[in-house]
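The figures here come from the full heavy-atom set of this structure, side chains too, leaving out hydrogens, waters and symmetry mates. Atoms within a ligand are numbered from 1 in the order they appear, just like the ligands themselves.
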Amino acid sequence: MEPVLLVHGGAGDIRDSRVPDKIKGVKLAAKAGYKILKNGGTALDAVEAAVRIMEDDESMNAGRGSVLNLDGEVEMDASIMEGSTLSEIGGKDVENPGEVGTVGAVAIDSKGHLAAATSTGGINGKMVGRSSDTSLIGSGTYADDEIGAVSITGHGDSIIKFYLAHAILKDIEKGSEAQEATRSILEKMTEQLKNTVGAITISKTGEVGIGFTSKRMGWAYQKADTIFFGIEHDEVRSEKVVDE
Ligand code: ASP
């Protein structure tokens, strides 16, 4: 199986001045996670490493760059799931102040195992103690070796109502392509609940799906020696990766 690792840096109304940092951040995380897969590492290790890199990046709304709650504190949500056992490791944590984009990663490793991880500081000015979709398996994160893996970003309360990550996988299970399932389920949520959302998906055959109904969402994935990335609608850029 040719491994693939796909990441996102959060869906939203990303300001022009933030675009270069977001692109830089997602590319860095995608390359690092892919390297783990290329060296025989597991999908679980790869998504964790990719998410950690973006949590350390202050241009992302996760880890160090997390937004603040109503009390001016940072409360973070995250979840990670392994597709072979359907087991999750998730959690809530409290740390330092910062600014904005949830981060996420999905991967398939050379043995065909899948994993997904998502991490966020939540929504700016959120209620103290709020739990987001990001900490909920099925809403913000899902991985099943029999179908695929998904990581979601966007308006958490709407995502939870749609049980979104799971909904995309159910559509793939019924026969939709990863890209089509991702796009159509996101559009359905936005149409019905009038809030924006973004997602990255990998199917069990390694097909990728990338979608967002927000203005922008940074994403990147590496396949063999090429990295593909973008942040605007219908934008797919690519570059050859030179191994340092
Ligand atoms: N889904 C996250 C939340 O509602 C925010 C985001 O993805 O930007 O907390």
* **Chi angles and distances behind the side-chain hydrogen bond (donor to acceptor under 3.5 Å, both in side chains) call for Asn195, Ser158** => CA-CA 7 Å; Asn195 284 310; Ser158 307; 3.1 Å; yes

* **Thr118 vs Thr141, side-chain hydrogen bond (donor to acceptor under 3.5 Å, both in side chains): CA-CA, chis, key distance, verdict** => CA-CA 6 Å; Thr118 317; Thr141 304; 2.7 Å; yes

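Annotation: Ala11 places no N or O atom under 3.5 Å from an N or O atom of ligand 1; distance criterion only. At least one N or O atom of Arg130, backbone or side chain, sits closer than 3.5 Å to an N or O atom of ligand 1. Considering both main-chain and side-chain atoms, Asp133 comes within under 3.5 Å of ligand 1 through a nitrogen or oxygen pair. Considering backbone and side-chain N/O of Thr153, one or more are found under 3.5 Å from N/O of ligand 1. Taking only nitrogen or oxygen atoms, main chain and side chain alike, Gly154 reaches within less than 3.5 Å of ligand 1.
Listed by number with element, the atoms of ligand 1 under 4.0 Å from a non-hydrogen atom of Ser132 are 3 (C), 4 (O), 9 (O).
Between the side chains of Lys240 and Thr226, a donor-acceptor pair is found at a separation under 3.5 Å. Checked by atom type, the side-chain pair Thr85/Glu82 shows a donor-acceptor distance below 3.5 Å.
Among Val197, Thr102, Asn195, Thr118, the residue whose heavy atom lies closest to atom 8 (O) of ligand 1 is Thr102.
Connection of Leu114 to Ile200 is established within a shared hydrophobic cluster, with ILVMFWY side chains joined at heavy-atom distances below 4.5 Å, either directly or through further cluster members.
A salt bridge links Glu232 with Arg216; the closest basic N to acidic carboxylate O contact falls under 4.0 Å.
Heavy-atom separations between Asn61 and ligand 1 are all 4.0 Å or longer.
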